[in-house]
Protein chains: 2
Amino acid sequence: MAVRTSLARKGGQRQSVPPPFPSIAKSFDLAGATTAFSRNEEVFGEGEPAEYLYKVASGCVRTYNTLNDGRRQIGAFYFPGDIFGLEARKLHTCSAEAITRSRLQAIKLTELVSRIPRGMVLNRLLLELTTDELQRTQSHILLLLKSAQERVIGFLLDMADREDSLSEIELPMSRQDIADYLGLTIETVSRTLTRLETASTISLPSSRRVVLRDRQALNQLLN
Amino acid sequence: MAVRTSLARKGGQRQSVPPPFPSIAKSFDLAGATTAFSRNEEVFGEGEPAEYLYKVASGCVRTYNTLNDGRRQIGAFYFPGDIFGLEARKLHTCSAEAITRSRLQAIKLTELVSRIPRGMVLNRLLLELTTDELQRTQSHILLLLKSAQERVIGFLLDMADREDSLSEIELPMSRQDIADYLGLTIETVSRTLTRLETASTISLPSSRRVVLRDRQALNQLLN
DNA sequence: CGTCAACTTGATGGGTCTCAATAGCGGTGG
DNA sequence: CCACCGCTATTGAGACCCATCAAGTTGACG
């Protein structure tokens with residue numbers, strides 16, 4: 001799978017940003033073996049020691065926090081090639097679950113140093129991963145400030161960029177997942193999608209498939 | 001000034017987290033000389049090359065993004081001892097301004113390596129700074145999901161922790177700054193503060209001074 | 001005492017949440 | 001093949017929270 005260029009929002013405008021150098025982190029092979037995870041299976045839980053780094057070989061993973069009022073905030077979705085599980089401190093500050101049946105490469109952080117490519121320092125790898133995460137998180141903040149319609153459109157465009165497809169998206173996650181990522185309710189997400197379909201800017205062959213019919217209109221609605 | 005312990009929200013609950021090691025980054029002296037900035041003076045602008053790292057010697061700084069609908073999103077406030085200006089890529093993705101008359105230490109990134117304490121690697125310093133930033137950003141997301149009252153209370157408690165005062169806060173920033181940080185309007189911020197004062201959980205000797213009168217009640221209102 | 005900026009307060013409307021019911025979809029078994 | 005089931009998604013009606021627009025208040029400074 002090709003290394004993806006990450007996305008950044010600058011001034012609220014969508015914009016592709018090339019990586020600072022051909023992303024070593026993402027193309028870096030963590031380990032040979034993969035572990036299988038079934039749908040909704042937990043990869044790690046909040047509060048557990050953060051000893052491993054994971055790379056998605058196939059499938060899709062979500063990380064989330066559980067708020068004390070019971071709501072769930074999804075922090076990020078990870079697709080094949082993405083690396084996750086890195087934490088600032090010793091413990092995980094979020095939980096991770098497989099969304100679909102997935103295969104993950106895992107490597108113990110303490111063993112990582114021996115697998116690092118010649119000439120690369122551990123701190124540089126970690127810095128790169130943390131930097132990517134920071135950019136994603138900052139974009140996420142800007143997304144949460146907007147109207148429901150703008151959030152949903154922003155989400156769809158992000159997904160379209162992350163899948164290789166030009167205009168047809170296969171969503172592995174449920175409406176609840178989307179809602180918890182965007183800080184909305186499933187009803188609002190559903191209504192917004194319906195309204196976009198009515199306006200002929202997208203079409204919904206099935207609930208998990210979205211076709212972007214008019215990207216220009218979508219970008220305009222981002223305001 | 002003492003090195004502060006940073007804050008993290010876990011499960012939406014407030015919780016102090018000790019730094020992984022006595023924060024080298026924050027106690028690290030960037031340079032001898034300081035530059036003065038007047039109120040509202042720009043330190044750097046979005047899109048400019050990110051060549052310097054800044055450490056607040058006195059005063060207070062805000063970083064922000066301007067959205068394309070004209071709104072402004074404040075990403076963070078920086079107080080004495082805090083370091084800012086580090087970017088993932090070559091250019092600044094946000095602007096920075098002094099909130100009050102401030103003095104800042106600045107050092108060119110390219111010169112940084114020569115000033116790094118013996119035995120420390122550049123990447124480790126950068127990693128530490130990025131990690132701090134990531135934690136702040138993640139907390140910020142969780143704050144933006146809550147009700148106006150919870151956001152304002154969360155903000156006040158954060159400020160109280162960052163100032164050394166136990167219960168009396170001196171806010172250097174305007175209502176507009178607070179609103180743009182919390183994703184609210186100034187009216188909502190003002191009304192919320194008034195309501196909290198009416199409920200005797202805080203008092204407002206002046207608009208920029210806040211006394212936390214009942215921290216237990218405040219924590220309870222965080223839900 | 002006038003001016004200006006910052007802040008507060010009030011009235012109103014709109015966007016999203018809540019609660020509730022209906023519809024679709026995949027699986028399982030008769 | 002069809003009936004049934006559970007789960008997911010859609011649709012509707014009403015309430016509530018916050019934004020908006022507008023007016024009034026306060027405080028600093030000349």
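Just so we're on the same page: letters track the sequence lines, and every chain starts at 1.
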For the residue pair A:E87 / A:H92, report whether a side-chain donor-acceptor contact shorter than 3.5 Å exists.
yes
A:S147 near the nucleic acid: base, sugar-phosphate alone, or nothing, with a heavy-atom cut-off under 4.0 Å?
sugar-phosphate
Taking CG from B:L182 and P from D:dA19, how many angstroms apart are they, rounded to a whole number?
10 Å
May I have the distance from A:E197 (atom CD) to D:dA9 (atom P), rounded to whole angstrom?
15 Å
Remember a base hit wins even if backbone is also touched, and classify A:R208 as base, sugar-phosphate or nothing at under 4.0 Å, heavy atoms.
sugar-phosphate
Heavy atoms from C-beta onward define the side chain here; which of C:dC7, C:dC17, D:dT11 lies closest to that of A:T185?
C:dC17
Proximal nucleotide (of C:dT16, D:dC18, D:dT11) relative to the A:T194 side chain:
D:dT11
Ring centroids only, cut at 6.0 angstrom: are A:F44 and A:Y54 within range, meaning strictly under it?
yes
Identified side-chain contact (heavy atoms from CB on, under 4.5 Å) partner of B:Y181 from the options B:Q176, B:R62, B:H140
B:H140
Whole angstrom value for the distance that separates C1' of C:dT8 from CD1 of B:I178:
14 Å
Proximity to the side chain of A:S207 - top-ranked nucleotide from C:dT8, D:dA9, C:dT16:
D:dA9
In this structure, how many angstroms lie between the P atom of D:dT10 and the CZ atom of A:R195, rounded?
13 Å
Of the candidate nucleotides C:dT16, C:dA6, D:dT8, which contains the atom at the shortest distance from the side chain of A:R39?
D:dT8
What integer distance in Å separates B:D177:CG from C:dC7:P?
8 Å
Heavy-atom nearest nucleotide on DNA chain C for A:A148 versus B:S174: which residue maps closer to 5'?
B:S174
If you look at every strand shown and take non-hydrogen atoms under 4.0 Å, does A:L193 touch a base, only sugar-phosphate, or nothing?
nothing
Please report the distance, rounded to the nearest Å, between CD1 in B:I99 and C1' in C:dA6.
15 Å
If you draw the axis of the six-membered ring of A:Y64, does the NZ or CZ of A:R72 fall within 45° of it and under 6.0 Å from the ring centre?
yes
Using whole Å, what does the distance between atom P of nucleotide C:dG26 and atom CZ of A:R209 come to?
13 Å
D:dC21 base to B:E187 side chain: any donor-acceptor pair below 3.5 Å?
yes
Gap between atoms CZ and P, on A:R175 and D:dC7 respectively (whole Å):
19 Å
Given 3.5 Å as the limit, does a donor-acceptor pair link the side chain of A:N65 with the main chain of A:T93, or not?
yes
Is there a donor and acceptor pair, one atom on the side chain of A:R191 and one on the base of C:dT18, closer than 3.5 Å?
yes
